[in-house]
Amino acid sequence: MIEMIRNSILVVDDEKANLLLLSRILDEKYDVYTAKDGASAIKKAAELLPDLILLDIVMPDMSGYEVLDALKRQSVTRAIPVIFVTKLSSPDEEEKALSYNAVDYITKPFRPNIIKLRIRTQIRSVNQIRTIERLSMTDQLTEIPNRRSFDNRMNVEWRTSIRETSPIGILMLDIDRFKNYNDTYGHQQGDKVLYAVAKCIEKSLTRPRDFAARWGGEEFSALLPNTDLGGAEEVAERIRVNVEQLKIPCEKCPDGMASSVTISVGAASVIPDNDSSLDRFISLADNALYEAKRTGRNKVCLASE
């Protein structure tokens with residue numbers, strides 16, 4: 001089932017009547033938030049991250065131009081599209097507004113249908129961009145996050161661990177003897193195994209911030225914020241057991257089920273500081289994975305310096 005997206009809009013105007021009118025026009029299809037001045041608009045934009053901002057130009061504390069300039073200077077709000085809705089109707093003002101990288105310019109008094117159509121156009125663009133970004137961050141075969149997505153998430157959680165002086169765990173996981181499996185049962189069956197293992201890893205992670213991704217080939221990774229080495233070992237073992245118990249349909253197998261599929265796992269955890277190396281941290285887990293492979297497979301090995 002496709003989840004319907006209900007987009008959000010922040011309306012910024014110092015006149016209460018305009019806020020009420022725009023809210024009434026838009027709230028049937030969108031989540032509408034309001035702000036009466038520039039300072040609160042900047043704050044709410046950073047907190048709510050709306051999909052679109054409708055911004056008046058003439059306001060007592062800050063002009064719309066100043067608000068838009070402040071939004072563009074903040075990394076979290078820089079990409080939010082802004083439509084100016086203003087009583088200033090001269091061509092020079094419209095040109096100035098668009099030079100500030102506003103996506104559209106609507107003059108007051110406005111017609112409700114024009115507002116709806118222009119907003120619909122911008123919201124469609126936002127959703128198309130969001131879909132493209134989501135697809136670029138998802139592995140198409142397994143339907144879990146890809147390496148690029150993992151790298152982005154890791155950088156965020158790494159900085160959080162440094163700031164909070166908290167441990168962070170990582171697992172590197174690899175399907176055992178996957179090449180032999182492919183050679184025996186074919187690449188289509190191998191793809192089924194990759195999908196099943198990916199979903200098993202994802203479902204084995206129980207906390208909201210835990211994050212699984214396909215690293216590449218038959219290798220996967222799992223990010224475990226606020227997790228020490230003992231906790232990482234516990235999660236790794238749970239995943240290993242769950243994968244071992246998988247039952248994957250296989251037409252070429254004698255009993256109609258897949259042959260035994262197992263994984264090897266390397267686990268690492270650190271409390272990083274500003275001098276810590278993220279690459280070194282990942283290498284620790286990778287080396288532990290190699291040790292698990294070297295010493296028999298279908299096991300968890302812990303990283304050590």
Side-chain angles (χ1 to χ4, degrees), residues 1-138 152 156:
M1 180 180 295
I2 298 175
E3 182 180 357
M4 298 300 294
I5 298 174
R6 186 171 170 90
N7 297 97
S8 59
I9 299 174
L10 175 63
V11 181
V12 186
D13 199 302
D14 63 316
E15 295 186 16
K16 185 177 180 180
N18 288 332
L19 293 177
L20 291 174
L21 178 57
L22 286 168
S23 296
R24 188 161 58 247
I25 292 171
L26 301 172
D27 64 6
E28 182 180 347
K29 288 189 175 182
Y30 309 103
D31 292 329
V32 180
Y33 306 98
T34 61
K36 296 181 180 179
D37 56 69
S40 62
I42 295 167
K43 181 179 179 181
K44 285 189 175 183
E47 292 174 352
L48 301 171
L49 298 179
D51 298 303
L52 180 67
I53 297 174
L54 304 185
L55 178 61
D56 190 14
I57 292 179
V58 180
M59 296 185 293
D61 64 327
M62 297 173 69
S63 72
Y65 298 129
E66 292 174 310
V67 174
L68 181 52
D69 186 58
L71 293 172
K72 295 299 182 184
R73 289 200 304 270
Q74 292 185 145
S75 60
V76 293
T77 57
R78 185 176 299 138
I80 301 174
V82 173
I83 296 177
F84 279 125
V85 182
T86 177
K87 62 185 178 182
L88 302 176
S89 58
S90 71
D92 288 343
E93 284 292 344
E94 183 173 358
E95 181 179 349
K96 180 180 178 181
L98 295 177
S99 73
Y100 272 76
N101 293 319
V103 296
D104 205 348
Y105 186 89
I106 302 173
T107 57
K108 302 175 185 176
F110 47 78
R111 293 167 55 190
N113 284 342
I114 295 298
I115 285 280
K116 290 179 181 179
L117 289 171
R118 292 196 173 182
I119 286 176
R120 186 178 70 179
T121 297
Q122 295 303 326
I123 290 295
R124 281 179 175 175
S125 177
V126 167
N127 289 341
Q128 287 171 353
I129 292 171
R130 180 177 291 152
T131 298
I132 291 170
E133 290 177 342
R134 178 179 58 80
L135 290 174
S136 72
M137 303 290 273
T138 302
N152 289 346
V156 171

Starting at [atom1] of [X], measure out to [atom2] of [Y] and round the result to the nearest 0.5 Å.
X: I115; Y: I106; atom1: CD1; atom2: CD1; value: 3.5 Å
X: T77; Y: K43; atom1: OG1; atom2: NZ; value: 14.5 Å
X: L10; Y: I42; atom1: CG; atom2: CD1; value: 11.0 Å
X: L19; Y: T34; atom1: CG; atom2: OG1; value: 5.5 Å
X: L55; Y: I80; atom1: CG; atom2: CD1; value: 11.5 Å
X: R6; Y: I123; atom1: CZ; atom2: CD1; value: 11.5 Å

**Item:** Qualifying side-chain hydrogen bond (donor to acceptor under 3.5 Å, both in side chains) pairs with a residue from residues 80-96, counting only residues at least two apart or across chains
**Value:** Y65-E93
**Request:** For residues 107-125, pull every pair meeting side-chain hydrogen bond (donor to acceptor under 3.5 Å, both in side chains), keeping only residues two or more places apart or in separate chains.
**Result:** D13-K108, D104-R118
Can you name the nearest heavy-atom pair linking [X] to [Y], along with the distance?
X: M62; Y: A39; value: SD-N, 3.9 Å
X: M59; Y: V12; value: SD-CG1, 3.8 Å
X: R78; Y: R73; value: NH2-O, 3.5 Å
X: P50; Y: S8; value: CA-OG, 3.2 Å
X: V32; Y: S23; value: CG1-OG, 3.7 Å

Please tell me if the side chains of [X] and [Y] come closer than 4.5 Å, counting only heavy atoms from C-beta onward.
X: V67; Y: Y100; answer: no
X: L21; Y: I25; answer: yes
X: Y105; Y: I57; answer: yes
X: D51; Y: Y30; answer: no

Do the side chain of [X] and the main chain of [Y] share a donor and acceptor less than 3.5 angstrom apart?
X: D14; Y: D37; value: no
X: Q74; Y: L71; value: no
X: D61; Y: G38; value: yes

**Message:** With a 6.0 Å cut-off (strictly less than), is the heavy-atom count around NZ of K36, excluding the residue itself, greater than 12?
**Reply:** no
**Item:** I129, I53, N101, L52 screened by side chain to side chain contact (heavy atoms under 4.5 Å, CB included) with P81, the one that passes
**Value:** L52
